Amino acid sequence: MAGYNFVWNDRLRIHLPSLEKEWGQYSEDEQSHMIERWELIRGRIPDLIMELERTINGKQSELNEEDDFKRSCVLNYEIAEQASRINDLQIWYRMNQELESRRHS
């Protein structure tokens, strides 16, 4: 099967689909294979989000005790970056619903 791949994303720590064609140009078998593979990857997303939330909570606790302005800025940046990752993971997590609705159209 050609025309698509799943590429590792270091920032999100999952493989993401990389499609060379529009979704409707893939055969039903290709679509099914991609959805099955994505479901396995997608299943890890809630655990990754919980891990990032724990990291944010730890950094927020650190920030509450921090008196050094520069260190506070670094912690704020790190919290924002983790929150951005959570947002991106949530977007990818919802992607499966879109694929399923297209498949059944």
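Here the structure is a predicted model, which is why all the values come from computation and not from measurement.
- Between the Ser84 side chain and the Ala80 main chain, no donor and acceptor come within less than 3.5 Å of each other.
- The side chain to side chain contact (heavy atoms under 4.5 Å, CB included) test with Ile86 is passed by exactly one of Thr55, Ile91, Ile56: Ile56.
- Connection of Met50 to Leu52 is not established within any shared hydrophobic cluster, with ILVMFWY side chains joined at heavy-atom distances below 4.5 Å, either directly or through further cluster members.
- Under the 4.5 Å side-chain criterion, counting only non-hydrogen atoms from C-beta, Trp38 is in contact with Leu16.
- Side-chain contact between Ile49 and Gln90 is present, with heavy atoms from C-beta onward closer than 4.5 Å.
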Check step by step if side-chain contact (heavy atoms from CB on, under 4.5 Å) holds for Ile45 and Ile14. CA-CA 8 Å; Ile45 292 176; Ile14 59 172; 4.1 Å; yes
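- Between Leu12 and Arg85, the closest heavy-atom pair is CD2-O, 3.8 Å.
- Side chain of Glu20 to main chain of Tyr4: no donor-acceptor pair is present (N/O by atom type, distance under 3.5 Å, no hydrogens or angles).
- Rounded to the nearest 0.5 Å, atoms CD (Gln60) and CD1 (Ile79) are 5.0 Å apart.
- Under the 3.5 Å distance criterion, the side-chain polar atoms of Gln31 are matched with a main-chain donor or acceptor of Trp23.
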Set out, in order, the CA-CA distance, both residues' side-chain angles and the distance that settles side-chain contact (heavy atoms from CB on, under 4.5 Å) for Val7 and His15, then state yes or no. CA-CA 5 Å; Val7 180; His15 286 88; 5.9 Å; no
Start with the C-alpha distance between Arg13 and Glu51, add both sets of side-chain angles, then the distance that settles salt bridge (charged side-chain N to carboxylate O under 4.0 Å, His left out), and finish with yes or no. CA-CA 12 Å; Arg13 297 179 12 222; Glu51 184 180 321; 2.8 Å; yes
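- The hydrophobic clustering, which links ILVMFWY residues whose side-chain heavy atoms are closer than 4.5 Å, places Leu89 and Ile41 together.
- Considering CG of Leu40 and CD of Glu36, their distance stands at 8.0 Å, rounded to 0.5 Å.
- Counting heavy atoms from C-beta outward, Lys59 and Leu63 have side chains that stay 4.5 Å or more apart.
- Glu65 contributes no side-chain N or O that, together with a main-chain N or O of Glu62, makes up a donor-acceptor pair within less than 3.5 Å.
- With hydrogens and angles disregarded, a donor-acceptor distance shorter than 3.5 Å links the side chain of Tyr26 to the backbone of Lys21.
- For the atom pair CG of Asp88 and CZ of Arg11, the computed distance is 4.5 Å after rounding to the nearest 0.5 Å.
- The backbone N or O of Glu22 sits less than 3.5 Å from a side-chain atom of Gln25, completing a donor-acceptor pair.
- With contacts defined as side-chain heavy-atom distances shorter than 4.5 Å, the pair Phe6/Ser18 does not qualify.
- Taken to the nearest 0.5 Å, the CD atom of Glu81 stands 13.5 Å off from the CG atom of Asn76.
- Distance alone, capped at 3.5 Å, places no donor-acceptor pair between the Arg37 side chain and the Asn5 backbone.
- A salt bridge links Glu39 and Arg42; the closest N-O separation between the charged side-chain nitrogens and carboxylate oxygens is under 4.0 Å.
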